[in-house]
**Student:** 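Once you've had a glance at the structure underneath, I'll fire off some questions.
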Amino acid sequence: MLDQPIARIENLRVEFQTKDGPVVGVEDVSFSVNPGETVCIVGESGSGKSVSSLSLMRLVEFGGGEIAGGRLLFDRKDGGEIDLVKTDQSLMRTIRGNEIGMIFQEPMTALNPVFTVGRQLTEGLRLHRGMTKQQARDRALELMKQVRIPEPERRLQQYPHELSGGMRQRVVIAMALACEPRLLIADEPTTALDVTIQAEILALMDRLKRETGTAVMFITHDMAVVAQMADRVVVMFRGNKVEEGTVEEIFENPQHDYTKALLAAVPKLGEMRGKPAPEPMRLLGVETHDTGPIMGSDEPLLKVRNLTTRFAVKAGFFRRTVANVHAVEDVSFTLNKGRTLSLVGESGCGKSTAGRSILRLVEPQAGHIELDGVDVMALDTNGLRRAREDMQMVFQDPFASLNPQMQLLDQVAEPLRNYGQTNRQELQDRVAALFDRVELPRSFMRRYPHELSGGQRQRVAIARALALNPKLIVADEAVSALDVSVQAQVLNLMMELQAELGLSYVFISHDMAVVERVSHDVGVMYLGRIVELGPRQAVFEDPQHPYTQALMKAVPIADPRMRKSERELNFKPIPSPIHKVGYVPPPSEYEEISPGHFILTTDSGY
Amino acid sequence: MLTFTIRRLVLAIPTLLIISLVIFLLLQMAPGDPMAQVPLTVPPEVKEKMREALGLGQPLHVQFWKWLVQVFWIEPKVFIDFLTRDSWLLGWLPDTSLYQGELRVISWQTRSPVMDIVVQRLPQTLWVVGMSYIVGILIAIPIGIYSAYRQYSVFDQAGTFVTMIGFSIPPFFTGPLLIVIFSVQLGWFPFIYDTTHVVNDWDSFVYQLKQMIMPVMVLALQTTAQISRFMRASVLDNLNQDYVRTARAKGLSEAVVVMIHVLRNSMIPVITVIALGVPGIFGGAIITEVVFSVNGIGQLLITALFANDLPMVQTLTFMFAVLIVLFNLIADILYGVLDPRIRYD
Amino acid sequence: MTDPTPTQISPIAALQDREPSKPPRSQWRDVWDQFKHHKGAMLGGGFLLFVTLAVLFGDLIWQIDPKKLDIRNKDIRPIFNAIWDSGAKVSWSHPLGTDNLGRDHLAQIIAGGRASMAVGWAAMLLTMLIGTSIGVMAGFFKRLDGPLMRFTDLVLSLPILPLMLVAVTLFRQPLRASFGPETGMFILIVGVIGVTSWMQTARIVRGDILAIKEREFVLAARASGTTARGIIFRHLLPNVLSPIMVSATLGLATAIITESALSFLGVGFPSDFPTWGKMLADAVPRMQEFPERVMLPGIMISLTVLSVNYLGDGLRDALDPRIRGR
Amino acid sequence: ERGSDGELSIIYWQAPSILNPYLSGGTKDLESSSMIIEPLGRYNETGEMLPWLAKEIPTIENGGVAEDLTSITWKLKEGLLWSDGSPVTSADVVFTAEYCMNPEGGCAQLAKFEGVKSVEAVDDLTVKVTFAEPKPFPYGPFMGAQSPIIQKAQFENCTGARAPECTDANFGPIGTGPFVVDDFKPNDVITMSANPNYRDPAKPAFAKVTFKGGGDATGAGRAVLETGEFDYAWNLQLAPDVLAKMESAGVGVLEVGFGSLVERIMLNMTDPSPDLPEGERSTAAHPHPFLSDLNVRKALSMAIDRVLLTEIGYGQAGRPTCDLVPAPAVYTSGDESCLTQDIAGANALLDEAGWVRGSDGVRAKDGVRLSLLYQTSTNAVRQDFQALIKQWWEEIGVETELRNVNASVFFGGDPGSPDTFQKFYADVEMYANNFDGTDPEAYMAAQTCGKAPRPESQWQGENISRICMEEYDALVAELGRTGDLEKRAALVKEMHAMIINDGYMILPLVDRGRVSARAKTLGGVVLNTWDSELWNVADWYRVD
Ligand SMILES: Nc1ncnc2c1ncn2[C@@H]1O[C@H](COP(=O)(O)OP(=O)(O)OP(=O)(O)O)[C@@H](O)[C@H]1O
Ligand SMILES: Nc1ncnc2c1ncn2[C@@H]1O[C@H](COP(=O)(O)OP(=O)(O)OP(=O)(O)O)[C@@H](O)[C@H]1O
Ligand SMILES: [Mg+2]
Ligand SMILES: [Mg+2]
Ligand code: NI
């Protein structure tokens, strides 16, 4: 009975009761999942992907939601199809975790921080399978091996926070698989992870699906991942399904406008092949500003030489520094006016620290930073404050980087006020101009951050950074948290500003496709050092350092015909950047293999 | 963790020395005189003689130094002697006999070692104040959990109302109120606490319960009011966490989800609040103790204060300070123990 | 397969963010709108307003002097006692009765309320001021953290009664000379309560500041050149408002009660100066015969505390733009 | 029969902290120890002296007191035994005197031994006390609850500076009284059992005593009068209506006894103005701006309704009085003129004396306003008194500011504090005082010029009003030389008139009795205010 779907969602409608009346989370969605098939659900943030899947688990009720209509038909193991909407919670409990497994988005918070991994893994087994402690443990061990967690015995005794993000996500997967569910729902299982880990997890899930024949409902907003994984794709938009089809159909012949727009906004690795300078993306339905390639200038703005930043690890009775985290180690580069230098690399390799060190938001240990002729390292507190007029920062998380208690007007005006502008009217005019600049309605000036969407918030953050007319903006993962379409708009905005104002960016990101799109130069970082530095074209088309090559290989491409080989990628875990006091790392030496393209020749630790 | 603990303990020593000095100076500055309770019929010259006999005329630094020696050197010796002689814990060790009859901290009021009286007061303080703390917590935690689980329900609203009332009514009102109702009108419970009562069989245990119940209730009301608020807030925080959803997705029952997953996490901040409240037990509950004649440490402190018995007040407040510092440390350590994410080194 | 969504969506709309539908309004209108939704807060606020007005202007309407003794009319019961006890000694000229010296209860409740509310509010504000400053400083400046927290321990372990006696000894005379006996004592009491009850607030605020300090918007503020002062006042303080509110509501209750405990110990206001706490304490020995004498001030204290609590709840919600949005 | 009536439970809302009356002057300590250790003679409820451990009270008539009043000879009863079974001898009596008179011991009862030159044992049962000067009233040592006999064997090593170290002895003195200490928890509870060696084999009737301390007067009253948890409660200082209500429960009864305790208002004869430099405030250097005017003082007294005060504050436990020495009867002045309030008269008097009412209703003369600071210790009844008196004084144009001071500060005598009753940084103050035993000599002598508290004396002294009259001092000296009771009484009355009935420097208000409560099932209680209330506890018994 292979064509008998495992789950069928029919005309699902979910409402949330809020203070301002009911909010519709999902309006009208129908689709089905067949055994052994991967169905990807894509769509913008807030389009109802999670709510649909939670409805299938009947977990929406706990979040204040209510299934207002439709049917959720589920084919139970022992034959019989039941409508989950009408099932009572006690029966649901025997289905949840047992017949339907679910993997959640955030590996950091999906695990209970105070129980060991082992305990959380065995809990479901003992409940649904009635296993003894020992049996459950054995099964847990088996699962841990299945998801390829090194040293599984030890891990079982550890707490979630002692595992890395990738491992945690694998534990969550193991947990979902524990009772061999027939349907596995994966709600953005890789969004928070590094490319390399993401590649591993995707490969793992693919393998597990093939081995066990589980049906998978895979939720994501990342088209590249969809291209990697999906058999069929469901596109959701504002609580509705707008399109459904096989991967190839969707990618190659999208029917619905929204799908088209979405695909157009996805940067694809390799798109910029052959183009030396970045250029804005062409977005569907947005009248193009027609900025051609952005060339930049040859005049150096920021010179960084031998930048080294370490964090002290204090321990012992006298709180003496016993070791150092070598977060940034002997980093040098030059950024010219009007150009963008991207720093890429895995989580923890020191990108953010490097960016913050340039602004001296963390104090570097050594090195030389020169911004437009000013020796930043030599400045005192006051001088530094003044120097920051020329360099600003945009942070990763648009929500966290805005004060939830302040109106946007005040937040954008704050830097102006800090540098002496106090006239209220003038301030307001300036801010209004800035809002225009980043294409936000002026009416937003009186709003609070939570009233805006992620993209709008990030634009506010950019407006704040622009307020002082800086020469340099350090954008630390400025678009990582955004939806693709919004990301595309923000990227375009940044590039337009660069073209018009001649801004320079230090662009920090882990997303290779985005980096390819925006940068003139790229520095690949590993363990605090730049292992490869050069013009974007050179680095992307001709990666020389083994780490760069591995990284490139791991990036999924938003094209179902270019799926990565099935062979599992195996990345070496990054060695610890912590060294005892007194450890003197060797200086970095580079080889210039083509003009401006440098490769680290000394040991990088990779 | 161990170095953290030791480090904090060592750092606590200068803190405590400064605290004891400040307390000492404060008490010296405070008006009042140990002769306040001596009847006015005793002539001033005699009072002056009595003052001299108490050592009041000595210079301040001498008095302070003497007190320090007594507390930090002589009393520990007595304590070690006690441990090796009489306690069941270390009684098997040879008797150390460190104490050779040096002058201990002597109360002006009773002319007996302060520590002996404190030890005498501990049982009733722990029975009544300690028990009320435990009872208060035991009532508060379920209330907090349920209020949070059913936020804005009638139960929650009523809970808020009652706890706020409980918080805003002072024990000098609730105490006599309970006495009038349960002792005078109904005659159910005795209200003068019998500190000599020994529990050795069922009946005496019942009597002990009866005499404890009113003071315990009066004090528990306040504890409950505070802890249940904390508990509610903490559970509310945790109910919205992702791991709760994960637990539910595993098919765990609500009871398991709330009572195991959520409870453990919610207890982390509450436990530290509870730990920080423990010194209060040893500090006693002054008004309640007086109303029910419990004569615990609170009553000891207040009588000592009114009698201007400086050595007693000084030693008691110092012990209280030690407990505060200690339980601050314990709260921090507990935090680390309960929450595996916290590490202290 | 038919398209399940009949709505036509243009690509540009698809890429546009949905804007919040509500038009922006002035901040205070917004706060008020949110506040109005909170039934408890409205009730609490209304009661508090009523009590405040009553204690401030009540003596214009009810003009009996609360200190006036009238021995012939002592021990009059409140007028409502006549409902169930026809033999009760009641009089319309003393609707809430009189005490054992014949002082009018209604006038005393009014006058006592003025003192209690003033002490409660002033001491609470002082407590919050000290607690918040110390908490913020300890949380924000790493170097001050240790010393300030040790200082907190120190104050926690200070015995209050001797402290109060010392304060009275040192400051009563100068304060009396410059402010008169009642205002002088008021300042003294408020000062002592403030000085001895800020520790909890400081601890809580410090904890929260430590957490908020690590949030990115603080870093962002620093990156855009905000000074430490600016960060504290513009970014940190508004975000710890909610725990401060909670301790403030509790602080008001404690202050009113502590004041009564102080006069109980003989270090408070002049004895003929009524406060709710003192009325309550004085009436306790006679609570069997005259339950109304404990009930009236007791109810006033409880209701005030309760309404402040609900008001605080409502304000907290109203002032937090995140909650206000929903 | 001894021990046949089971257990007696007594509650004192002030808890005894020590059982050695020589180391503590507190009433609670004296009374609790009086069940255990006994003096040679006691006062009975009328103030008469009774032989206790002595065979008889020595007098001049029976030759016990020397004709020249310089010595007194006590004879012990025969066959007295300490509770440990050893005999009581004169050596114990001598030791008791030595113990208290040791200059390093800080003996609280030293005043009792004032003027004693030597105490010698004449034989095993006879003790002779010799005074340095003739002592008209030689019954200081060994009389009353303040100076009981302690056992030499027990306290031998506890004299002088070592006195406080003998905790065991101080907490469980061996005595001759009807009970022995089983366990003493300071400031909490004493458990006692009948003394097997008590001299009367039929007594005490109770086998056990629980002597509970602590709590408050209300609780103690309730425990005896309402719930019956206790048999006897001491000194219930509660408002009369509260007590009456409690008594109406029918479980217990109130016992009232009168002594010499008088609640009074002291008027400051010196100027307490804070504008004066420290060291000159409230000293003889500056007479009081208006209280030195007799008319003002008299008017203040006339405005007070003592009958009403008594009724409100003390009920049956108080008697309005114009006497500072309300008892024994020989010494009382009998003046009752102050008992009727006369506001009109007071107003007239002030008008006549030139004190004119200003626009604010306050009288003034030559720029001096009749504005008073009236202080007392914190206590509910005193606060009621303050409120009432303030109102009356306001009626005669005297403005009054009230202040109450924590009792432990007020009576503490700390020279550093501005709030002690001795420093008297106020215009008038109110408290109660009495005298020890039945002889008012020392009491009257306290009002002499030299005994005024002042900086040089570290603010110690008993002449709180700072009365300073040569005639008065002369009378005091004469009293010290007079032995004849009648003449002494006449002198006391003369002095009394000088400063009180005519001088109005001290305004007596209420003769305060002592109210204690006993359960209806407790018999034999005779309330005695001249000695310990528990003086005859050996005779108490259970009524069925
Ligand atoms: N607890 C809730 N209360 C009110 N509204 C909710 C709640 N949960 C979700 N919604 C609403 O339901 C809609 C769908 O949310 P959902 O979480 O399914 O989006 P999503 O597609 O999973 O987005 P994302 O990619 O950000 O995870 C949103 O508009 C959201 O505002
Ligand atoms: N304040 C700090 N104290 C101690 N160590 C730190 C601190 N900040 C960063 N580190 C360490 O420095 C290293 C580099 O961190 P950094 O934040 O720069 O990495 P990143 O490349 O930005 O990673 P991500 O992609 O996760 O943001 C990491 O090992 C991190 O643990
Ligand atoms: Mg989602
Ligand atoms: Mg980073
Ligand atoms: Ni991404």
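Each chain gets a letter, A, B and so on, in the order the sequences are listed, and its residues count up from 1.
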**Student:** Side chain, backbone, both or neither: which part of C:Y310 has a non-hydrogen atom closer than 4.5 Å to chain B?
**Tutor:**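 For C:Y310, side-chain heavy atoms alone lie under 4.5 Å from chain B.
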**Student:** Between C:R150 and B:N328, is there a side-chain donor-acceptor contact under 3.5 Å, judged purely by atom types and distance?
**Tutor:**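 Per modelled atom types, B:N328 and C:R150 side chains form no pair under 3.5 Å.
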**Student:** Side chain, backbone, both or neither: which part of B:Q185 has a non-hydrogen atom closer than 4.5 Å to chain C?
**Tutor:** side chain
**Student:** With respect to chain C, which residue among B:V322, B:I23, B:L305, B:L323 yields the maximal number of heavy-atom pairs within a distance under 4.5 Å?
**Tutor:**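 When all of B:V322, B:I23, B:L305, B:L323 are compared, B:L305 has the most.
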**Student:** Non-hydrogen contacts under 4.5 angstrom with chain C: give the residues of residues 8-20 of chain B involved, or none if there are none.
**Tutor:**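 B:R8, B:T15, B:I19, listed by number.
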**Student:** Is chain C contacted by the side chain of B:F318, its backbone, both, or neither, given a heavy-atom distance below 4.5 Å?
**Tutor:**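 The answer is neither part of B:F318.
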**Student:** Would one find more than 12 heavy atoms of other residues, nucleotides or ligands at under 6.0 Å from atom CE of C:M42?
**Tutor:**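 Yes, the 6.0 Å shell around CE holds more than 12 heavy atoms from other groups.
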**Student:** Where on B:L26 is there a heavy atom nearer than 4.5 Å to chain C: the side chain, the backbone, both, or neither?
**Tutor:** both
**Student:** Mind checking the CD-NZ spacing from B:Q157 to C:K39? Nearest 0.5 Å is all I need.
**Tutor:** 8.5 Å
**Student:** How long is the span from the OG1 atom in B:T272 to the CZ atom in C:R203, to the nearest 0.5 Å?
**Tutor:** 9.5 Å
**Student:** Would you indicate whether the side-chain heavy atoms of C:L156 and B:F320 approach each other to under 4.5 Å?
**Tutor:** no
**Student:** For B:F64, is the CZ atom crowded, meaning more than 12 foreign heavy atoms sit under 6.0 Å from it?
**Tutor:** yes
**Student:** Grab the two heavy atoms, one from C:S157 and one from B:T317, that are nearest each other, plus how far apart they are.
**Tutor:** O-CG2, 3.9 Å
**Student:** Looking at B:F72, I'd like to know if its CZ atom is crowded, meaning that more than 12 non-hydrogen atoms belonging to other residues, nucleotides or ligands lie closer than 6.0 Å.
**Tutor:** yes
**Student:** For the candidates C:T304, C:L170, C:V155, C:L163, which exhibits the highest count of non-hydrogen atom pairs separated by less than 4.5 Å from chain B?
**Tutor:**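 The residue among C:T304, C:L170, C:V155, C:L163 with the greatest pair count is C:L163.
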